[in-house]
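Numbering starts at 1 and runs along the sequence shown.
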Amino acid sequence: MPELPQSILFACDHNAVRSPMAEGIMKKLYGTETYVQSVGVVNDLEIDGFAISVCSEIGVELERHRSRSFEEMEQMGEMLSGFDLIVTLSPASQRRALDLTRYYHLTVEYWPIMDPTGIGETREQKLNAYRQTRDQLVARLSGQWSAE
């Protein structure tokens with residue numbers, strides 16, 4: 001199993017569902033062993049209430065998450081070159097991350113994690129879709145690296 005990276009950035013389209021879920025789950029699983037952040041291609045949505053709800057079921061708190069884009073992250077002084085690994089969770093974030101890192105020696109991985117937004121008619125159907133996404137992230141993150 002590969003060693004845990006020192007720093008990891010999760011990216012998706014809006015930094016409102018998949019990437020904040022991945023960030024929160026990663027922090028729960030690995031604690032302070034690695035530095036973890038998340039971003040979106042654009043920042044036009046707040047954290048999704050269903051994401052907050054299904055993550056709280058497993059003890060991951062997302063209520064205080066504030067969405068941000070790649071540009072906002074860099075404006076706040078955090079450079080992409082400071083991360084060991086960027087994990088993209090959507091095709092748009094994969095394209096953006098590869099474009100922004102083309103001059104850096106950085107690893108960018110694409111994880112095809114289901115986008116639960118727009119799935120289901122009832123509240124319970126929607127929650128089940130978000131749980132599937134959460135569980136995909138838990139499985140991928142817990143099996144990805146050896147904890148030190």
Exercise for the section: Just do the side chain to side chain contact (heavy atoms under 4.5 Å, CB included) check on Phe10 and Leu141 with the steps written out, would you? Expected result: CA-CA 12 Å; Phe10 291 101; Leu141 287 165; 3.7 Å; yes
To the nearest 0.5 Å, tell me how far [X] [atom1] sits from [Y] [atom2].
X: Ile86; Y: Glu109; atom1: CD1; atom2: CD; answer: 11.0 Å
X: Ser90; Y: Asp13; atom1: OG; atom2: CG; answer: 3.5 Å
X: Met76; Y: Glu71; atom1: CE; atom2: CD; answer: 12.5 Å

Pairing donors with acceptors under 3.5 angstrom, does anything connect the side chains of [X] and [Y]?
X: Ser53; Y: Ser56; answer: no
X: Asn15; Y: His65; answer: yes
X: Asp44; Y: His14; answer: yes

Exercise for the section: Quick one: list whatever passes ring pair (Phe, Tyr, Trp, His ring centres under 6.0 Å) with Phe70, sequence neighbours left out. Expected result: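 Here no residue qualifies.
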Practice task
Ignoring hydrogens and angles, tell me if any N or O in the side chain of Ser93 forms a donor-acceptor pair with the backbone of Val41 under 3.5 Å.
Solution key: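 Between the backbone of Val41 and the side chain of Ser93 there is no qualifying donor-acceptor contact (under 3.5 Å).
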Handout entry: Pair Lys126 + Glu121: basic N to acidic O under 4.0 Å
Key =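 Salt bridge absent between Lys126 and Glu121.
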Problem - Basic-acidic side-chain contact under 4.0 Å: Lys28, Glu61 - result: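 Salt bridge absent between Lys28 and Glu61.
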Handout entry: Intermediate values then yes/no, side-chain hydrogen bond (donor to acceptor under 3.5 Å, both in side chains), Glu78 and Tyr35
Key = CA-CA 12 Å; Glu78 195 151 28; Tyr35 178 73; 2.4 Å; yes
Please give me the minimum heavy-atom distance between [X] and [Y], naming the atom from each residue.
X: Ala16; Y: Leu45; value: CB-CB, 4.0 Å
X: Pro5; Y: Leu85; value: CG-CD2, 4.1 Å
X: Thr117; Y: Asp115; value: OG1-OD1, 2.8 Å
X: Ser19; Y: Cys12; value: OG-SG, 3.0 Å
X: Thr88; Y: Ala97; value: CG2-CB, 3.7 Å

Exercise for the section: Can you label the angle between the Tyr130 ring and the Phe50 ring as parallel, tilted or perpendicular, going by 30° and 60°? Expected result: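 Geometry flag for Phe50 against Tyr130: tilted rings.
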Handout entry: Sub-4.5 Å side-chain heavy-atom contact between Gln37 and Phe83
Key =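 Yes; the side chains approach each other to less than 4.5 Å.
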Problem - Leu80 side chain near Met73 side chain, heavy-atom distance below 4.5 Å - result: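 When only atoms from C-beta onward are counted, Met73 and Leu80 do touch, with a gap below 4.5 Å.
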Problem - Sequence neighbours excluded - salt bridge (charged side-chain N to carboxylate O under 4.0 Å, His left out) pairs with any residue from residues 98-108 - result: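 The answer is Arg96-Asp99, Asp99-Arg102.
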